[in-house]
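Below is one structure; the comments refer to it alone.
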Amino acid sequence: MLDTIPPERFSASVVAVESYRERLPVPGLAGVVRTVWIQRTGPTDHVHRHLPTGGVEIHFPIGGRPQLLGPLTGPTIEIIPANTTLVGVRFHPGTAPPLPAMLDDLVDQQVSLTDLWGHTTDRLVEAMAQATTPERALTYLQAHLLNEFRTTARLDALVNEAVRALMPWHPINIDNLATHLALSGSQLRRRCLHTVGTTPKVLQRTLRFQGFLALAQASATPSSATPSDRRGTEGVAGLALDVGYADQAHLNRECLRLSGLTPGQLLEVNLDRCAREHDHSGSYQPFLATRGGPPVRV
């Protein structure tokens with residue numbers, strides 16, 4: 001079992017400082033995976049705030065039990081033990097790996113991957129146990145997912161089109177979107193609940209918030225060629241307008257709902273640390289790249 005793997009087998013699993021590095025997935029997963037990452041905690045426990053992204057995530061701590069984080073509708077706090085190395089995968093909305101349950105049954109839950117995949121997880125654990133570095137462990141995980149999507153995964157093309165249309169850069173009316181997809185409002189809602197885990201409206205709000213985070217993270221990176229020149233807390237109102245909020249008060253309400261923090265707290269604390277110790281470019285750069293795409297005509 002995974003919890004018996006000696007952490008010392010991984011040469012980078014015990015480090016002096018906490019770090020988090022995102023990267024793009026392997027090309028074969030680019031259509032279903034938003035980003036992959038390696039996270040290392042330092043000599044003290046790390047308080048991690050999970051935020052809604054619209055998709056599900058796989059968290060695979062080296063020496064711990066792999067978990068699936070279901071679609072979130074609000075923040076979730078997790079304590080990651082000191083000296084832990086974790087590899088992870090974040091999926092695009094509507095592109096979860098094969099699961100025995102509909103995603104609306106997994107909303108706001110963190111579930112053992114063994115409970116969902118059974119013996120498949122055991123085989124994956126054995127393969128990852130042979131890795132000597134977190135980078136190789138992440139390679140094994142991606143190879144397994146690539147095989148799963150090639151052989152068993154079936155994606156809902158209409159829901160994928162709905163997700164693309166609900167990106168924050170081109171605001172769209174949900175009823176008009178359903179008509180564009182030749183679905184009734186209730187059909188679109190049901191299909192989104194099954195394959196995304198939330199209603200189209202909730203997904204739209206989540207993606208708008210993710211757009212705000214992407215712009216803010218890009219602005220917090222000095223070397224980033226960000227599409228917005230607004231920086232720091234004085235630029236919050238501008239970032240809110242850039243991503244489609246009616247005004248800063250609208251952003252304030254949504255930020256509290258989805259992160260448990262005010263925009264100022266999120267930028268001042270979380271993003272300041274991210275600029276020094278984290279690299280989120282593997283997540284925000286592809287997200288921002290969708291900003292230049294043409295709007296869906298409805």
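By convention here, the first residue in the shown sequence is residue 1. Remember, it's a predicted structure, so these values are computed and weren't measured experimentally.
Between Y284 and Q210 the shortest side-chain heavy-atom distance does not fall below 4.5 Å. In this structure, M128 and L138 have side chains that are not in contact, with every pair of non-hydrogen atoms separated by 4.5 Å or more. Inter-residue side-chain proximity for P97 and L145 is flagged as met; some heavy-atom pair is nearer than 4.5 Å. The shortest distance between side-chain heavy atoms of P200 and L177 does not fall below 4.5 Å. Here the side chains of T195 and L103 are not in contact, with every heavy-atom distance at 4.5 Å or above. Looking only at side-chain heavy atoms (C-beta outward), L86 and W37 come within less than 4.5 Å of each other.
Between the side chain of Q142 and the backbone N or O of T139, no donor-acceptor pair lies under 3.5 Å. Not a single donor-acceptor pair under 3.5 Å links the side chain of D45 to the backbone N or O of I79. A donor-acceptor contact shorter than 3.5 Å links the side chain of T41 to the backbone of T84.
To the nearest 0.5 Å, the span separating CG on L68 from CG on L113 amounts to 6.5 Å. We find the CD1-CD distance between I38 and E135 to be 4.0 Å, quoted to the nearest 0.5 Å. With rounding to the nearest 0.5 angstrom, the CD atom of Q248 is 9.5 Å from the OG1 atom of T262. Interatomic distance, T121 OG1 to R65 CZ, rounded to the nearest 0.5 Å: 11.0 Å. Note: L124 CG to Y140 OH = 11.0 Å, rounded to the nearest 0.5 Å. Here L258 contributes atom CG and T73 contributes atom OG1; the two are 8.5 Å apart, rounded to the nearest 0.5 Å.
No chain of hydrophobic side-chain contacts below 4.5 Å, direct or via other Ile, Leu, Val, Met, Phe, Trp or Tyr residues, connects V159 to V107. Grouping the Ile, Leu, Val, Met, Phe, Trp and Tyr side chains by contacts below 4.5 angstrom, directly or via other members, places F209 apart from L256. One hydrophobic cluster, built from ILVMFWY side chains closer than 4.5 Å, holds both F149 and L99. No path of Ile, Leu, Val, Met, Phe, Trp and Tyr side chains, each step under 4.5 Å between heavy atoms, connects V202 with V243, placing them in separate hydrophobic clusters. When the side chains of ILVMFWY residues are joined at heavy-atom separations under 4.5 Å, either directly or via intervening members, L155 and L116 end up in a single hydrophobic cluster.
Among residue pairs with one or both ends in residues 83-98, those qualifying as salt bridge (Lys or Arg N to Asp or Glu O under 4.0 Å) are E22-R90, E57-R90; sequence neighbours excluded. Residue pairs meeting the ring-ring contact (aromatic ring centres under 6.0 Å, His included) criterion with at least one member in residues 81-117, sequence neighbours excluded: W117-H144. Among residues at least two apart or in separate chains, there is no salt bridge (Lys or Arg N to Asp or Glu O under 4.0 Å) pair with a member in residues 94-115. Evaluation of the salt bridge (Lys or Arg N to Asp or Glu O under 4.0 Å) test over residues 169-190, restricted to residues two or more places apart or in two chains, returns none. Sorted by first and then second residue, the ring-ring contact (aromatic ring centres under 6.0 Å, His included) pairs involving residues 245-268 (not counting sequence neighbours) are Y245-H250.
Using a 4.0 Å cut-off between a side-chain N of Lys or Arg and a carboxylate O of Asp or Glu, E254 and R205 qualify as a salt bridge.
When the salt bridge (charged side-chain N to carboxylate O under 4.0 Å, His left out) test is applied to D156, the partners found at least two apart in sequence or on another chain are R191. Applying the side-chain contact (heavy atoms from CB on, under 4.5 Å) criterion to L24, with sequence neighbours excluded, gives P286. With sequence neighbours left out, the side-chain contact (heavy atoms from CB on, under 4.5 Å) criterion links T44 to no other residue. When the side-chain contact (heavy atoms from CB on, under 4.5 Å) test is applied to A178, the partners found at least two apart in sequence or on another chain are L188. Remark: R253 engages no residue in a side-chain hydrogen bond (donor to acceptor under 3.5 Å, both in side chains) (not counting sequence neighbours). Residues satisfying the side-chain contact (heavy atoms from CB on, under 4.5 Å) test with R123, not counting sequence neighbours, are H119, T120.
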**OP:** Tell me, with the steps shown, if H50 and Q110 meet side-chain hydrogen bond (donor to acceptor under 3.5 Å, both in side chains).
**Re:** CA-CA 11 Å; H50 298 293; Q110 193 159 357; 4.9 Å; no
**OP:** Before giving the answer on side chain to side chain contact (heavy atoms under 4.5 Å, CB included), spell out for V56 and L106 the whole-Å C-alpha distance, their side-chain angles and the decisive distance to 0.1 Å.
**Re:** CA-CA 9 Å; V56 304; L106 299 175; over 6 Å; no
**OP:** Check the pair T199 / L193 against side chain to side chain contact (heavy atoms under 4.5 Å, CB included), numbers first and verdict last.
**Re:** CA-CA 6 Å; T199 66; L193 283 171; 4.1 Å; yes
Subject >> side chain to side chain contact (heavy atoms under 4.5 Å, CB included) assessment of Q39 paired with V87 >> reply: CA-CA 6 Å; Q39 181 174 9; V87 298; over 6 Å; no
**OP:** Mind running side chain to side chain contact (heavy atoms under 4.5 Å, CB included) on T290 and H170 for me, showing each step along the way?
**Re:** CA-CA 10 Å; T290 67; H170 307 289; over 6 Å; no
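The two atoms that bring L203 and G54 nearest to each other are CD1-CA, 4.0 Å, heavy atoms only. Closest approach of P52 to P75, counting heavy atoms only: CD-N, 4.4 Å. The two residues P71 and V196 make their nearest non-hydrogen contact at CG-O, 3.2 Å. For the residue pair C255 and P263, the shortest heavy atom distance occurs at SG-N, 3.6 Å. For the residue pair V163 and P93, the shortest heavy atom distance occurs at CG2-O, 3.8 Å. Taking both residues in full, the closest heavy atoms of Q204 and L166 are given as NE2-CD2, 3.9 Å, listed atom of the first, atom of the second, then distance.
For the 3.5 Å distance criterion, the side chains of R23 and T35 fail to qualify, holding no donor opposite an acceptor.
Using cut-offs of 30° and 60° on the angle between ring planes, the pair F287 and W169 is perpendicular.
Between H59 and H48, the ring centre distance reaches or exceeds 6.0 Å.
Clustering of Ile, Leu, Val, Met, Phe, Trp and Tyr by side-chain heavy atoms under 4.5 Å joins L69 with L72.
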